[in-house]
Amino acid sequence: MPELPEVETVRRQLEPLVSNAKIIDARAHRSPKFAPALEAIGSTVANVHRRGKYLLVGLLDPGQAPGGPPSRELIVHLGMTGALHVDDTSPSDPYERASWDLADGRTLWFRDIRRFGRIAVVSAGDHQALPTLHHLGPEPFDPALDGPRFHRALAASRSRVKTHLLSQRPIAGVGNIYADEALWRAGINPGIRRVGPTRAEALLGHIRDVLAEALDHGGTTLRDYRTPDRSTGQNQFRLDCYGRSGRPCRRCATPLISRELDQRTTTSCPNCQAR
DNA sequence: CGGGGTTCCTGGCCGC
DNA sequence: TGCGGCCAGGAACCCC
């Protein structure tokens, strides 16, 4: 499931493939989650940025000077099973949810088995229609994000620390996998509602480490995640906590446990992450 | 406005 | 072999 490392891996591959390409046609699944793809017809791709788990494709409208700031953005959220590919041909794919024909004959495809993904076209920077993006916390590697600021962000909610992380408000781009991994490294019980300044700073460091390492390994492919060139990530072989319920903790050998926490499966070590 | 519950989806897996 | 039932889960959405 694409979290920050997966989405950033996609972004890095995608940007050189589609920059400067003009979108001459598009098709989309009728669902309002995908139909906005059609609104990109006629525009030219300026760049591909990322905020949290959202891909932001800068669009130059027809007649807009190349090199200027894009007037609109094509926003793509990959959801659970979304993937983007660029092809010369038009392969038949029952899971295609949207596609954009480029002027040079190639096609950009969005495939998404479970349809948890989402596509929007908005005026540049206008994210009102996507509440989570609108209220998105700082990028994990933003130098302005430090221990005290992260501590204040965590303290702004009385939710369980893991639930708060998944809300994307204290920090952008952390999903279920990397939340479990970072909390395990930090020795923090996912269910606690208050994190002190020292532990908050440590948790921030572990989040950064977990995300950076996953990015180095091309992301985590549990089942469906693929990059634009269809390769898988390799980080699934490096997970210490997520998906390891019942297996021994790599620090203390206690069997890891899995439980529901605010309707999210959560794995943790009952010893290392005791309250 | 924050927080909690519900919903969207379908392949893979399990048990019989 | 076939099939019903269950699970995974990000974020929008609704309601209090």
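What's counted below: heavy atoms across the whole structure, side chains too, no hydrogens, waters or symmetry copies. A, B, ... follow the sequence lines: proteins, then strands. Residue 1 opens every chain.
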Would you tell me if any nitrogen or oxygen in the side chain of A:S167 comes within less than 4.0 Å of OP1 or OP2 on C:dA11? no
Only counting residues at least two apart or in another chain, list the ones meeting side chain to side chain donor-acceptor pair (under 3.5 Å) with A:R259. A:N189
Is any side-chain N or O of A:Y242 closer than 4.0 Å to OP1 or OP2 of C:dG9? yes
CE of A:M80 versus P of B:dT7: gap in Å, rounded? 18 Å
Below 4.0 Å: OP1/OP2 of C:dA12 and any side-chain N or O of A:K33: no
For residues 143-154 of chain A, tabulate all N or O donor-acceptor pairs below 3.5 Å that involve a side-chain atom, not counting sequence neighbours.
from, atom 1, to, atom 2, distance (Å)
A:D146, OD1, A:R149, N, 3.0
A:R149, NH1, A:A144, O, 3.4
A:H151, NE2, A:V195, O, 3.2

CD of A:E3 versus P of C:dA8: gap in Å, rounded? 16 Å
Less than 3.5 Å apart, which donor and acceptor atoms pair up between the side chains of residues 123-135 of chain A and the rest of the protein, not counting sequence neighbours?
from, atom 1, to, atom 2, distance (Å)
A:D126, OD1, A:Q128, N, 3.3
A:H127, NE2, A:E73, OE1, 2.8

Nucleotide B:dG3, atom C1' - distance to CZ of A:R169 in whole Å: 11 Å
Write out a two-atom table: protein N or O, nucleotide N or O from nucleotides 4-6 of chain B, distance below 3.5 Å.
none

Mind running a 4.0 Å heavy-atom check of residues 116-134 of chain A against DNA chain C and sending the residues that fall below it, in number order? A:F116, A:R118, A:L130, A:P131, A:T132
How many Å lie between CG on A:L222 and P on B:dC13, as a whole number? 13 Å
Give the rounded distance in Å between these two atoms: CD of A:E260 and P of C:dA8. 6 Å
Kindly list each side-chain donor-acceptor pair under 3.5 angstrom involving residues 268-275 of chain A, sequence neighbours excluded, with atom names and distances?
from, atom 1, to, atom 2, distance (Å)
A:Q273, OE1, A:C269, N, 2.8
A:Q273, NE2, A:L183, O, 3.3
A:Q273, NE2, A:I188, O, 2.9

Measuring to OP1 and OP2 of C:dG10, would you say a side-chain N or O of A:Y54 lies under 4.0 angstrom away? no
Residue pairs meeting salt bridge (charged side-chain N to carboxylate O under 4.0 Å, His left out), one or both in residues 197-207 of chain A, sequence neighbours left out, come to none
List, by chain and then residue number, the residues other than A:F237 in its hydrophobic cluster (Ile/Leu/Val/Met/Phe/Trp/Tyr, side-chain heavy atoms under 4.5 Å); write none if there are no others. none
Looking at A:D101 and A:R27, does any basic side-chain N land under 4.0 Å from a carboxylate oxygen? yes
Looking at every strand, decide which applies to A:S157 at a 4.0 Å heavy-atom threshold: base, sugar-phosphate, or nothing. sugar-phosphate
Quiz question: going by heavy-atom distance under 3.5 Å, is there a donor-acceptor pair between the base of C:dG10 and the side chain of A:R264? yes
Separation of C:dA8 atom P from A:D180 atom CG, nearest Å, is 12 Å
The helix from B:dG2-C:dC16 to B:dC16-C:dG2: angle between end helix axes, five pairs per end, rounded to 10 degrees: 30°
List for me each residue that meets side chain to side chain donor-acceptor pair (under 3.5 Å) alongside A:R114, sequence neighbours excluded, and say none if there are none. none
Pair up each side-chain donor or acceptor in residues 53-65 of chain A with any protein partner under 3.5 Å, not counting sequence neighbours, and list the distances.
from, atom 1, to, atom 2, distance (Å)
A:D61, OD1, A:S43, OG, 3.1
A:D61, OD1, A:R72, NE, 2.9
A:D61, OD2, A:S71, OG, 2.7
A:Q64, OE1, A:D61, N, 2.9
A:Q64, OE1, A:S71, N, 3.4
A:Q64, OE1, A:S71, OG, 3.2
A:Q64, NE2, A:P69, O, 2.6

Nearest-angstrom distance from the residue atom CZ of A:R115 to C1' of C:dA8: 17 Å
Round to the nearest Å and state the distance from A:L136 atom CG to C:dG10 atom P. 14 Å
Is there a side-chain polar atom (N or O) of A:H77 under 4.0 Å from OP1 or OP2 of C:dG10? no
State plainly whether the residues A:D262 and A:R264 are in salt-bridge range, i.e. N to O under 4.0 Å. no
Within the 4.0 Å heavy-atom criterion, would you say A:S31 contacts the bases, only the backbone, or no part of the nucleic acid? nothing
Is the number of heavy atoms from other residues, nucleotides or ligands under 6.0 Å of A:R158 CZ greater than 12? yes
Relative to the 5' end of DNA chain B, which residue comes earlier, A:R223 or A:R114, by the nucleotide with the nearest heavy atom? A:R114
Note: with side-chain heavy atoms under 4.5 Å as the link, the other cluster members for A:Y95 come out as A:I113
